[in-house]
Structures are given as C-alpha cells and as structure tokens.
Amino acid sequence: MLELHCHTTCSDGILSPTELVVMAVQAGVKGLAISDHDTLAGWEEAVEAAQPYHLEIIPAVELSTVWRGRSLHLLGFYPDPQLLNPPLQERQQGRMRRAAAMLDKLATLGYPITLPFRNLSPGRPHIAQALVEAGYVRNSREAFDRFLAEGGSAFVPYEKFSAVEGIDLLRRCGAVPVWAHPPLFKGDSVERTLRDLVAAGLLGLEVYHPEHSRTTTATLLDLANRYHLLITGGSDYHGPNPRGHSLNMMKLEMKLLDRLKQVHQAFCMLPVQEKN
C-alpha cells in the first residue's frame, strides 16, 4: 500500500502529478512519495489532486550526486522547501548544462536531436526518447546501450556534487537522507560505500526496489539493521510501461511510513549543530 519512490513529468516521469495520483489510487496505494529528480515542483499539484481520495502524499526528492566518480542517488524525505529550493535551482541548471553537453556529443557523432527542455529536470531518459523519435534507435534501452550509459560515447557525468555534500544538504534542510537503489551504484562495493555514507550522516537505506533480487534485498536488510538505518522501498515508478515497474508492485506495508515519520520527528527535534 506504500510507494516511497515515484517520478512525474516534473523530472523524467511520464505522468503528471495529478495522473500519478489517480493511477496510485487505482493501484491501491495509501501513501505516495513524490520524489522527482532535483526538484520539488510536483508536490503542490499532487497534494491537491490527492485530497478527494484521502491519499497521503509524502514530500520527497531524489538528489543526484557523485561518489568515487560514479552516479549515486539520495532520496530525501520531508525536506523544508524554503531551505531546499534555492540550492536545487543550481542542481536543475546543472542538469540543463549536462543535457546540452550530451546533445553536443550526439551531434558530433552524427545524431543531431533537439530537446525542448520543457521539463524542470531534464535527464538521460528525455534524450533517449528524443533519439527514438528521431528514428536513430528503436527504443530507449538501445539509446542507453549505444550512447547514454555511463562510459558511453555521449555520456556526460553529473557536475561535481558529492554524496557527502548531498547528505549534508538534505540534513540541513530537515530531510531524512536515504541511499536510493544501492546495488545500482558502480563506484565501489555497497558495504564500503555504506560505511562512508553513514559516517557522513546517512539515515536510511532503500532496501525494497524492483531491481533488487531476493538475495540482494536480504543483504540490504541485514546492512540496514547492522547500521541501525531506516528501511524504505518503492517501485521507482516513471509511468506505464508493459515491461517496466508498476505501482504497488512491492506491496509494502504502511508501517514503513510510520517508522519514517518517527525518524523524521526525532531528527527535527535535534539541535541544529547535531544535524550537521
């Protein structure tokens, strides 16, 4: 009944916040996190759309950071928008610069495309879709395999913003920082990286995710318990896709949200110097 990782058209999702709310209600979701990449823009629309359905909207963000030269994503739950929005403006501008650099690389390779940048947080999925629409590739998967995956001919890394800086930013803005889909990080082992992130102030681990096997989930659960971390999960839903993730597919219980709220409340009561 709980979804703690979802995206809308405010970043790289297919559905608007209102459309996502309707789909979530139809799927039986009772608690829905709006966790777009580097933007909080979808919150207000989602909250308004959810009111007739008594669906609880959990304000969140997925922050793009770099660790050991590779992409590492952090989920931040219940951030203060007045504190977080200003630094996110720079993150969004960085996404625009990164997308423009990838378009330049593609043009040099002989695959010119245009991207309208109507999205607040453009990313590789937008570029992949533009390649499909231009007829250069058959689908987004091919676009990533040929051009956009890390190390690919048109790949451009995120601008320097370390995971430690990301954790610090989220904590200073009152958010609970959680490492998103840890096994997808390619810069080091999960456990060594986790030690570094916990030392920096990480408070949670996304244990439940469609890309995690049963063995991986069990390992992450053990690590979360060992380091006394909050456990979260979600489908990482980006929109309807016959071969992709579906809403409520993880069948997560609402008690995970209760624990998240407890951690957030306890964290908010700490003196400012203890949050940093």
Is the number of heavy atoms from other residues, nucleotides or ligands within 6.0 Å of NZ (Lys30) greater than 12?
no
Which one of Ile34, Ile58, Thr8, Asp36 satisfies the side chain to side chain contact (heavy atoms under 4.5 Å, CB included) criterion with Trp43?
Ile34
Just so I know, are the side chains of Trp179 and Val190 near enough to count as touching, which here means a heavy-atom distance under 4.5 Å?
yes
Are the side chain of His126 and the backbone N or O of Ser11 linked by a donor-acceptor pair below 3.5 Å?
yes
Non-hydrogen atoms of Ala154 and Leu148 that approach each other most closely
CB-CD2, 4.3 Å
Quick check on the hydrophobic clustering: are Met1 and Tyr237 connected, directly or via other members, by side-chain heavy-atom contacts under 4.5 Å?
yes
Do Met254 and Phe77 share a hydrophobic cluster, counting only Ile, Leu, Val, Met, Phe, Trp and Tyr and linking them when any side-chain heavy atoms are less than 4.5 Å apart?
yes
Between Met249 and Val207, is there shared hydrophobic-cluster membership here, with clusters defined by ILVMFWY side-chain heavy atoms closer than 4.5 Å?
yes
Just wondering, do Leu230 and Val263 contact through their side chains at under 4.5 Å, heavy atoms?
yes
Any donor-acceptor pair under 3.5 Å linking the side chain of Glu19 with the backbone of Ser16?
yes
Starting from Leu252, can I reach Ile231 by hopping between I/L/V/M/F/W/Y residues whose side chains sit under 4.5 Å apart?
yes
Got a donor-acceptor contact below 3.5 angstrom from the Ser162 side chain to the Trp67 backbone?
no
Check the pair Glu56 / Lys261 against salt bridge (charged side-chain N to carboxylate O under 4.0 Å, His left out), numbers first and verdict last.
CA-CA 13 Å; Glu56 182 173 355; Lys261 290 178 177 179; 2.6 Å; yes
Verify whether the ring centers belonging to Phe147 and Phe155 lie closer than 6.0 Å.
no
I'd like to know if Asp196 and Arg192 make a salt bridge, using a cut-off of under 4.0 Å between side-chain N and carboxylate O.
no
Parallel, tilted or perpendicular, judged at 30° and 60°: which one describes the rings of His209 and His245?
perpendicular
Are Leu247 and Glu3 close enough, and set up right, to give a side-chain contact (heavy atoms from CB on, under 4.5 Å), and what steps lead you there?
CA-CA 7 Å; Leu247 284 167; Glu3 278 284 359; 4.0 Å; yes
Count the heavy atoms belonging to other residues, nucleotides or ligands that lie under 6.0 Å from CD of Glu90, then report whether that count exceeds 12.
yes
When clusters are formed by joining ILVMFWY residues with side-chain heavy atoms under 4.5 Å apart, either directly or through shared neighbours, do Leu4 and Leu184 land in the same one?
no
Sequence neighbours excluded - ring-ring contact (aromatic ring centres under 6.0 Å, His included) pairs with any residue from residues 84-110:
none
Answer yes or no: is there a side-chain heavy-atom contact under 4.5 Å between Leu20 and Cys6?
yes
So do the side chains of Leu88 and Val61 get within less than 4.5 Å of each other, counting heavy atoms only?
yes
Regarding Glu150 and Arg70, does a basic nitrogen lie under 4.0 Å from an acidic carboxylate oxygen?
yes
So, for Ser153 and Leu109, which heavy atoms are closest and what is the spacing to 0.1 Å?
OG-CD1, 3.4 Å
Hey, are the side chains of Val29 and Leu2 touching, using non-hydrogen atoms and a 4.5 Å cut-off?
no
Hey, does the Lys NZ or Arg CZ of Arg124 hover above the aromatic six-ring of Phe144, less than 6.0 Å from the centre and inside 45° of the axis?
no
Between the side chain of Tyr136 and the main-chain N/O of Pro112, is any donor-acceptor distance below 3.5 Å?
yes
Nearest 0.5 Å please: distance from the CG atom of Leu257 over to the CD atom of Gln262.
10.0 Å
Does Glu253 CD have over 12 foreign heavy atoms under 6.0 Å away?
no
Donor-acceptor side-chain pairing of Ser213 and Thr216 below 3.5 angstrom:
yes
Is the side chain of His238 donor-acceptor paired with the backbone N or O of Asp236 at a distance under 3.5 Å, no angle test?
yes
Check: Asp222 side chain, Ala218 main-chain N or O, donor-acceptor pair, under 3.5 Å:
no
In this structure, are over 12 heavy atoms from other groups packed under 6.0 Å from Gln89 atom CD?
yes
Is the distance between the ring centroids of His181 and His212 less than 6.0 Å?
no
Nearest 0.5 Å, what's the CG-CZ distance between Leu194 and Arg226?
9.0 Å
Do the side chain of His37 and the main chain of Ser64 share a donor and acceptor less than 3.5 angstrom apart?
no
Start with the C-alpha distance between Tyr53 and Val22, add both sets of side-chain angles, then the distance that settles side-chain contact (heavy atoms from CB on, under 4.5 Å), and finish with yes or no.
CA-CA 9 Å; Tyr53 305 107; Val22 172; 4.0 Å; yes
Side chain Ser235, main chain Asn248, donor-acceptor under 3.5 Å:
no
Asp38 side chain near Glu62 side chain, heavy-atom distance below 4.5 Å:
no
All heavy atoms of Ala180 vs all of His5, minimum pair found to be CB-CE1, 4.3 Å
Does the side chain of Cys10 come within less than 4.5 Å of Pro17's, by heavy atoms?
yes
Looking only at non-hydrogen atoms, find the nearest pair between Glu206 and Gly234 and report the distance.
OE2-N, 4.0 Å
Quick one: closest heavy-atom pair of Leu170 and Pro177, and the distance?
CD1-CB, 4.0 Å
Is there a side-chain contact between Leu256 and Asp258, using heavy atoms and a 4.5 Å cut-off?
no
What closest approach, in Å, do Pro79 and Leu84 show between heavy atoms, and which atom pair accounts for it?
CB-CD2, 3.6 Å
With sequence neighbours left out, the residues meeting side chain to side chain contact (heavy atoms under 4.5 Å, CB included) with Ala49 are Thr18, Val21
If only atom types and distance count, is the side chain of Glu48 paired as donor or acceptor with the main-chain N or O of Glu44 below 3.5 Å?
no
